[in-house]
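Ligands are counted one by one from 1 in listed order, and the atoms in each one are counted from 1 as well. Predicted, not measured: the structure shown is a model, and the values here were computed from it.
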Amino acid sequence: MSSNRVFIFDTTLRDGEQALAASLTVREKLQIALALERLGVDIMEAGFPVSSPGDFESVQTIARTIKNSRVAGLARAVDKDIDAAYEALKVAPQFRIHTFISTSTIHVQNKLKRDFDEVLAMGVAAVKRARNYTDDVEFSCEDAGRTPIDQLCRMVEAAISAGAGTINIPDTVGYTVPSEFGGIIETLFNRVPNIDKAIISVHCHDDLGLSVANSIAAVQKGARQVEGTINGIGERAGNCALEEVVMILKTRKDLFPNLQLNLKTPEIYRTSQLISAVCNMPVQPNKAIVGANAFSHSSGIHQDGMLKAKNTYEIMTPESVGVPTNNLNLTSRSGRHAVKHRMQVLGYGEADYDLDRLYEKFLKLADKKGQVFDYDLEALMFFDKLQDADDFYQLDFLSVQSGSGILASASIQLRAGGETRQEAATGNGPVDAAYRAIHRITGYDIKIVKYQISAKGQGEDALGQVDIVATYNGQRFHGMGLATDIVEASALALVHVLNHIHRADLIARKKQEIQQEKTAGES
Ligand code: KIV
Ligand code: ZN
């Protein structure tokens, strides 16, 4: 029955969930199920109903709610499991009972402590029992990857004869390599006489990092259902990452010209993000398809290539998997052209900023942060507008020492006009110490009446923005500082205030001079 349609069987809620440190609530599972339905998975395995009342309830809730994907429930090859699966699933518009038994010698002898013929009979009985409840029965030969091929062929033939419409061949322990696993599928097609009556499915684990490659090799040999999870979560090293399988089949259409899939690939990214958040399983930044860096180009050569033609370094578009923007992350290796281009994309023309100054600030920030994001560039541009190159006060140097149980101390070097001044002070924290050192340098009697700190950007890469309001001589001044280090941002905010005060002082002095000249002229 090898047609051109490849079915995607998602087991995030069963094989994926069983590996989580804390099991999900019914509500969380439903949230994931709805996302999987929106993604367009053909079948979603919602859980293992007999395993706990909580699992039963979530499978039932999902079965009742999901309309556009078939809902499956897992059952060992024992009556009570199959009956529980049916009870939980029967409310679904379309459901599948998925029953399984181990077939490898290691499992049959050590885990089941039976002989193979007994196991074969149990598998057949399980399929028949499930068939009393539904026409849609899937049978899995657990540890098929390590099952002697003659026995695997016998089991598959018997399960199909008993009425299984889908036969799943799991590489339960992620042991095989692609040529070997593809070979198993090929042998089944060559040797099992009734193989055309079933869809052959594969379910590969990632212990050797080969789950996706093995699944693809199986599809090349005629498998038409691939099982796996989003982000590859699952037992031990995880399951086959479905987003990778789908994007391989789509991106390499030249190798798989007639295969059809139902999955809505632009939903991949947000489904991945949701599952990562709900399951508290971060996605590694360099993960294929859905990692934060999957569509980021860091080196100057790559960025230059991308600006000339996207297909120089991108084999699929970020939009095709729903990644919101192409983050051309800038680094200290990025040239002025890349910075200018990014500003253009963000909607700023050359008249809006000074490219030389922005680039100089960008390089300093890139050296500290590694990657400079869009919001950093915008922040640099706006902050640059607040500061004048000819500001009287400039922060030259700042060093702080603080920690639990020690008195915080700061030493500061400020440029004040042509002069360089240094001071050190202690305080009840690093910001307090830095502020006291600055006060010593300037002698201004300033009172900080408001101090606010916020993150500019996302995650731990965010810049710290400090906003302060200070009073001096009955006047209020606002200062803002932005830096990767919040103590530095605080010092910059105070320096910003000092420059306001200095300007206000100059104006006041000028006014006084004019007044004095006037008075002198009148006398
Ligand atoms: O890995 C495995 O063999 C399984 C089966 C239950 C399908 O998860
Ligand atoms: Zn599994």
Step by step, would you call Lys111 with Asp143 a salt bridge (charged side-chain N to carboxylate O under 4.0 Å, His left out)? CA-CA 12 Å; Lys111 189 177 91 170; Asp143 205 15; over 6 Å; no
Using a distance threshold of 2.8 Å, what protein N/O/S atoms lie below it relative to the Zn ion (ligand 2)?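 Per the 2.8 Å query on the Zn ion (ligand 2), atoms found are Asp15 OD2, His203 NE2, His205 NE2.
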Partners passing side chain to side chain contact (heavy atoms under 4.5 Å, CB included) against Ala35 (at least two apart in sequence or in another chain):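 Testing Ala35 for side chain to side chain contact (heavy atoms under 4.5 Å, CB included), a comparison that skips the adjacent residues, returns Arg38, Thr271, Leu274.
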For Thr265, enumerate each residue passing the side chain to side chain contact (heavy atoms under 4.5 Å, CB included) test, keeping only those at least two apart in sequence or located in another chain.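 Once residues adjacent in sequence are excluded, the partners of Thr265 under the side chain to side chain contact (heavy atoms under 4.5 Å, CB included) criterion are Val246, Met247, Lys250, Ile268.
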Work out which heavy atom in Ser211 is nearest to a heavy atom in Asp206; give both atom names and the distance.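 Scanning both residues, the minimum pair turns out to be OG-OD1, 2.7 Å.
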Do Glu227 and Ser201 get their side chains close enough for a donor-acceptor pair, meaning under 3.5 Å? yes
Is it true that Lys287 and Glu244 have a side-chain N and a carboxylate O under 4.0 angstrom from each other? yes
Are the side chain of Glu157 and the backbone of Asn194 linked by a donor-acceptor contact shorter than 3.5 Å?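 No; judged by distance alone, with no hydrogens or angles, the pair does not exist.
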Any donor-acceptor pair under 3.5 Å from Ser276 side chain to Met281 backbone: yes
Do Arg129 and Tyr133 form a cation-pi contact, if we require the NZ or CZ to be under 6.0 Å from the six-membered ring centre and within 45 degrees of the ring's axis? no
Select all protein residues for which some heavy-atom-to-ligand 1 distance is less than 4.0 Å, and list them by chain and number. Arg14, Asp15, His98, Phe100, Ser140, Glu142, Asn168, Pro170, Thr172, His203, His205
